[in-house]
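The block underneath contains the structure these notes are about, expressed in C-alpha cells.
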Amino acid sequence: MASAVLLEGITKRFPGVIANDGVNLDVAEGEIHAICGENGAGKSTLMKILYGMQPADEGRMVVNGQEVKFSSPKEAIALGIGMVHQHFMLADNLSVLENVILGAEPAKNGIIDFPEARRHIIELGEDYGLKVGTRDLVESLEVGERQRIEIIKVLFRGAKILILDEPTAVLVPQEVEELFRNMRELKANGHTIIFIDHKLDEVLEIADTITVIRAGKTIDTVKPEDVTARDLAELMVGSELPVPETRESTVTDHVVIEAVDAAADDDAGSPKLRAVSMKVHKGEILGIAGVEGNGQAEFVEALMGMRPLTSGSISLEGVRMKGWGTRQRREAGIGYIPEDRTRRGLLAGFPLWENAMLGQQSMEPYVRNGFWIQREAARSHTGKIVEQFDVRTPSVDVAAHALSGGNQQKLIVGREMSAELVALIAAHPTRGIDVGAQAAVWEELRQARATGLAVILISADLEELIGLSDRLVVMLRGDIVAELDPTKVTPRDLGSYMTGASTQGGES
Amino acid sequence: MGKKLFYVLAAPLVAVGVALFISSIVLLFAGANPLSAYQNMWEFGTRLETLIETLNRATPLYLSGIAVAIGFRMNLFNIGIEGQYVLAAIIAAKVGAEINLPPILHVTVIIVVAMIVGAFWSGLAGFLKVTRNVHEVISTIMLNAIAVSGIVSYLLSIWDVPDASLDTALKEIPESGWMPSLNGFVEIFTRDIKRVELWGFILVAAAVGVAYHVLINRTRVGYDLRASGENAPAAEASGTDPKKMIMAAMLLGGAVAGLVGLPELLGDAHEYNLRFTRGLGFAGIAVALLGRNHAVGIAIGAFVFGWLDRASGVLEVRGDAPREIVAIMQGVIILAAVIAYAVVERKRREDEAAAAAAATAQVLAERQAAKEQGGAS
C-alpha cells in the first residue's frame with residue numbers, strides 16, 4: 001500500500017541536545033499507526049514537526065507522495081493533516097457547533113452559514129459514528145464527548161490523516177472502547193491515523209503497525225501480532241521491566257484513617273457519597289476501585305477538608321477531623337497526590353522550588369516559624385527531591401510548566417513523600433506518565449507502605465490497583481459495594497463489580 | 001545571567017522606544033518639531049525643581065500602583081483605588097483637623113485612620129465577592145461612584161468651614177499633623193531648592209514598597225496570596241482558604257490605597273478642598289501594569305509617569321504642543337509595554353520548555369549510552 005506519510009532522517013536539535021535523531025517513520029495509507037516511547041523520547045516533537053508547528057533541522061517529509069516542508073499548521077491542514085492535542089482546545093462557553101466551525105466557518109455572503117455547518121457536522125457524525133449534540137454547550141460535556149468534538153473538528157477541516165496525541169490518557173475504560181470504535185470506523189472510511197500512546201495493551205489492540213522511539217531514535221517498527229506487551233515495553237525502556245507488585249505484607253492493626261458513614265454532596269447539592277465506612281491501617285495500601293464519578297473524588301475531597309460531610313465522620317489516629325481545614329489536615333500528616341495535577345497540584349508559572357512547598361508552605365524546611373520563607377533551604381530541599389525522585393529538569397528555578405507531564409508528576413509525588421506523613425492519599429498517581437516514571441511511583445508507594453504509612457490508592461488502572469493494594473474496596477454510586485482480596489481477584493472480576501454486574505451479596 | 005537581564009529589560013525599553021516613535025508622529029501631526037519638543041522637555045525635566053515635583057507626583061502614584069498590584073498578584077482586579085483613597089483622604093483630613101496631638105503621634109493617627117477607611121471600603125467589595133460572588137470589577141466601580149460623587153461630595157458640603165476665603169474646604173490640620181519637607185536633606189547634596197518642597201511622605205511610600213516586596217515574596221501569607229492568584233484550586237488543595245485570601249488581598253490593597261491621598265494632604269494642602277488631586281487611583285492601574293507588580297518596577301513606572309506629567313508643562317509654555325500630548329505618550333507606553341511583556345514572556349516560556357526538554361533528552365541519551373557501553377563490554 002502507498003505511504004500516506006513518510007519521514008526520513010528527521011533531526012531536531014534544541015540547545016545542547018538532540019530531540020529527534022534521524023527518525024524514520026513510514027505510515028501506510030488507511031492504517032492505524034501507533035508511536036510508542038517514554039515521555040521525553042521525542043514523540044511529541046516528531047508530531048509537532050509533522051503538523052508544521054516546528055521545523056525540522058534535517059530530514060525529508062513526504063505526504064501523499066509529495067515532498068513537503070511546512071512552516072505552519074495551516075499548510076499541514078491544507079494537505080489534509082489534522083491533530084487532536086492531548087489537552088483539548090475547546091471554548092467551554094460555546095456550543096459544539098460553534099467550537100467545531102471556529103476558525104473554519106462556512107460563510108454565505110459574508111454571513112456564517114449555520115444550517116450548512118450543522119448539516120455537515122451531523123453528516124460527519126453519522127458517517128463515523130461520532131454522536132454529538134450540536135447545540136450542547138461544551139462545558140456540559142464529559143471528557144470522552146469533548147474528545148469526539150476535537151476529532152470532528154479536524155474532520156470538518158477535511159483531514160484524511162489524523163494525529164491523536166495520547167488520546168486515551170484522559171479517558172475511562174468505557175470511553176476508550178468508544179474511541180477505538182470511532183477509530184476503526186475512520187479507518188474503514190479510508191482515513192489514516194497516527195496515534196501516540198504508552199498504554200501497551202491498548203496499542204496492541206488497535207494498531208496495525210507500531211513504531212517505537214527511544215531517546216530520539218527509531219528503535220523498531222513492528223506488527224502487533226508479532227510482539228507481546230512485555231516485548232514492546234522493553235523496546236521502549238531498553239531494559240527489564242518492573243511490575244506493580246507489593247511484596248510481603250506490612251499491615252498492622254493500628255487504624256490511621258477511619259471513615260464512619262461518611263456522606264457528602266456534589267457541588268450542585270445532590271448526594272454523591274452515601275454512608276461510606278472504611279478503615280485504613282498503618283502500613284497498608286487500601287485500593288479504591290470504581291468507574292470515575294462514583295463518589296471517589298468527593299470522598300478524597302472530604303478527606304482533605306475541601307468538601308464538608310453532610311453526615312458521618314472521618315477520623316485520623318482516632319481524632320475526629322470535624323471542622324479541620326485542609327492546612328490543619330496536612331500539618332497533621334496527610335499527604336495528597338491529586339488526580340488532576342495541573343488543576344490541583346501545580347502552580348504552572350512558579351519555579352519548581354515554589355511548587356515543592358505547595359501544601360507544605362507552613363512547614364519546615366520551607367518556612368521558619370510558620371511565616372518566613374527560607375529560600376535557600378527550600379531550594380536545596382527541592383534539589384534533593386529532584387535528585388531522589390529523578391525529576392528531569394535543568395534546575396529548580398525553571399517554571400513547572402516547562403516540565404513534561406511525567407516529570408511534573410514525579411515532583412508532586414516526591415514533595416508529598418518527603419513530608420512527614422502518617423497517611424497518603426494517592427489519586428491516579430500514574431495517570432498519563434510513561435512506564436519508567438510509573439515504575440518509580442510504584443516503588444515510592446511501596447516504600448511509603450513499608451515505612452508505616454496508611455495509603456489510600458485510587459486508580460483507573462486495574463492492574464496497578466490489584467498489584468499494589470493490600471485490600472480493595474469497590475465504590476459504586478457513592479457506596480462501597482464490595483471488599484475484595486487483591487490476591488484472589490482478576491481485573492475482569494473487578495470490572496464487573498465496578499459496573500455493578502456482580503455484587504458481593506449475590507456471590508455468597 | 002545575561003539572558004535573565006534581557007528578559008527583564010527588553011520589554012520596558014522596547015515600550016519606551018515605541019512610545020517615543022508614535023509620540024513623534026503625533027507631535028508632527030500637531031505641527032510641532034518632535035526633536036525640539038523632546039529637547040525642551042529634557043531641559044526642563046532635568047532641573048532640580050522639576051525632579052522634586054516629579055517625586056511628589058510619583059509618591060502617590062507609587063502607593064496607588066502598589067495597592068493595585070496587591071490585587072493583581074491574586075488575580076483580583078481592584079479598580080476601586082480611586083474611591084478608596086478619596087474617601088480615606090477626606091475622613092483622615094477631618095479627623096486630623098479635629099484632634100490635637102504631639103507631632104509624630106498626630107501624623108500616625110491620620111495615617112491609621114486613612115488606612116482603616118481604605119481597607120473598609122475595599123473590604124466591602126471583598127465581602128460581596130466572598131459571600132455573594134459579585135465580581136470585584138463591578139462592585140469597585142459602583143463603590144467608586146458611591147464614594148466619589150456621593151459620600152465625598154456630601155461630606156465636603158457638610159464639613160465645609162465658612163471663612164474669609166470662598167473656597168470649599170475642610171478645617172486645616174494643625175501643624176503637629178503635618179509631614180515635614182525633606183528639602184533640608186536633599187540640599188546637603190544639591191544647590192538650594194527654590195519654590196518647591198519634597199514631601200516627606202516619600203519615606204512612608206518607600207517603606208510600603210519594602211513591606212510589600214517582603215510580604216509578597218518572603219512570607220507564607222504572600223506565597224498563599226500568589227498561589228491563589230496563579231491557581232486557586234491548587235492553592236485550596238494546599239490548605240489555603242480562597243475566601244480568606246480574597247478578603248486579605250482586598251483589605252491590604254485598600255489599606256495601601258488609603259495612603260494615596262496623604263502625601264498631598266500632609267505635605268502640602270493640609271486640608272481637604274475642591275482642588276484635591278483626583279484620578280490617582282486609575283493612574284495606579286497603569287503604573288502597576290508598567291511595573292509588572294514588582295516593587296522596584298512600580299517605582300520606575302511611577303517615576304516615568306510623574307516625570308511626564310511634570311515635564312510636559314513646558315510644551316505649552318514654549319508653544320511646542322498642548323500638554324495633553326503627554327496623555328497620549330502615557331497611553332502608548334502602557335499599550336506597548338503590555339504587548340512587549342507578553343512577547344518576552346512567551347519567548348521566556350519557550351526557552352524554558354526547550355531547556356527542560358533538553359535536560360530530559362540528555363538523561364535518556366546518557367542512559368542509552370551507558371546501556372550500550374554496558375552491553376558491549
Side-chain angles (χ1 to χ4, degrees), chain A residues 14-19 21 38-42 44-45 214-217 238-239 301 304-306 325-331 336 338 340 342-350 354 357-362 366-367 370-373 375 390 392-395 398-399 401-404 406-407, chain B residues 1 3-4 7 73-75 213-245 293 345-346 348-372 374-375:
Chain A
F14 289 113
V17 80
I18 304 179
D21 186 2
E38 280 191 277
N39 291 334
S44 294
T45 306
R214 181 171 69 206
K217 292 189 178 116
S239 64
E301 286 175 355
M304 289 312 296
M306 296 189 289
T326 307
R327 179 148 300 160
Q328 198 180 352
R329 291 170 199 238
R330 279 186 174 273
E331 283 173 351
Y336 173 39
D340 184 342
T342 48
R343 199 175 102 82
R344 284 275 193 202
L346 285 175
L347 305 170
F350 283 27
E354 284 193 324
M357 61 190 279
L358 187 68
Q360 295 162 47
Q361 65 260 50
S362 59
Y366 299 107
V367 293
F371 189 74
W372 296 102
I373 293 175
R375 294 166 84 96
D390 191 26
R392 290 158 199 174
T393 172
S395 86
V398 300
H401 61 67
L403 266 53
S404 67
N407 282 308
Chain B
M1 216 54 226
K3 211 157 200 184
K4 218 166 182 177
Y7 291 136
R73 272 300 172 95
M74 116 132 258
N75 247 341
H213 183 81
V214 170
L215 182 83
I216 289 290
N217 294 302
R218 299 297 168 98
T219 74
R220 199 194 80 207
V221 177
Y223 176 84
D224 283 347
L225 212 84
R226 286 184 291 127
S228 304
E230 172 79 10
N231 183 351
E236 190 192 1
S238 82
T240 300
D241 183 342
K243 292 186 171 177
K244 255 192 209 156
M245 284 300 118
N293 303 329
E345 178 63 17
R346 188 188 305 166
R348 198 180 60 79
R349 287 180 81 129
E350 276 171 6
D351 285 357
E352 244 178 27
T360 306
Q362 186 85 48
V363 174
L364 287 177
E366 274 165 17
R367 227 168 53 181
Q368 178 77 7
K371 218 168 277 158
E372 274 161 14

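Note on naming: letters A, B, ... go to the chains in the order of the sequence lines (proteins, then strands), and numbering restarts at 1 for each one. Note that the structure is a prediction, hence the values are computed from the model and not measured.
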message = Under a 4.5 Å cutoff for heavy-atom pairs, which residue among B:D224, B:T240, B:V214 has the most contacts with chain A?
response =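 Ranked by heavy-atom pairs under 4.5 Å with chain A, first place is B:D224.
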What's the shortest heavy-atom distance between [X] and [Y], and which atoms?
| X | Y | result |
| --- | --- | --- |
| B:A237 | A:Y336 | CB-CE2, 3.9 Å |
| A:I373 | B:N217 | CD1-O, 3.8 Å |
| B:A234 | A:G345 | CB-N, 4.1 Å |

ask   = Quick one: does A:L358's side chain get under 4.5 Å of B:E230's, heavy atoms only?
value =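 When only atoms from C-beta onward are counted, B:E230 and A:L358 do not touch, as no gap falls below 4.5 Å.
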request  = Side-chain contact test, heavy atoms from C-beta onward, threshold under 4.5 Å: evaluate it for B:S238 versus A:Q360 and give yes or no.
outcome  =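 They are not in contact (no side-chain heavy atoms under 4.5 Å apart), so the answer is no.
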Choice from A:S395, A:A348, A:G305 maximising heavy atom contacts with chain B below 4.5 Å =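 Ranked by contacts with chain B, first place is A:A348.
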query = Among A:R329, A:R375, A:Q328, A:E301, which residue forms the greatest number of heavy-atom pairs with chain B at distances under 4.5 Å?
reply =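 Ranked by contacts with chain B, first place is A:R375.
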task = Measure the spacing between CZ of B:R220 and CE of A:M357 and express it to the nearest 0.5 Å.
result =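 B:R220 CZ to A:M357 CE: 9.5 Å, rounded to 0.5 Å.
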Tell me, for [X] versus chain B, whether the close heavy atoms (under 4.5 Å) come from the side chain, the backbone, both or neither.
| X | answer |
| --- | --- |
| A:R343 | both |
| A:S44 | neither |
| A:P338 | neither |

Set of side-chain hydrogen bond (donor to acceptor under 3.5 Å, both in side chains) partners for B:R226, sequence neighbours left out =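 By the side-chain hydrogen bond (donor to acceptor under 3.5 Å, both in side chains) rule, B:R226 matches A:E354.
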Residues in side-chain hydrogen bond (donor to acceptor under 3.5 Å, both in side chains) contact with B:N231, at least two apart in sequence or another chain =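 side-chain hydrogen bond (donor to acceptor under 3.5 Å, both in side chains) list for B:N231, sorted by chain: empty.
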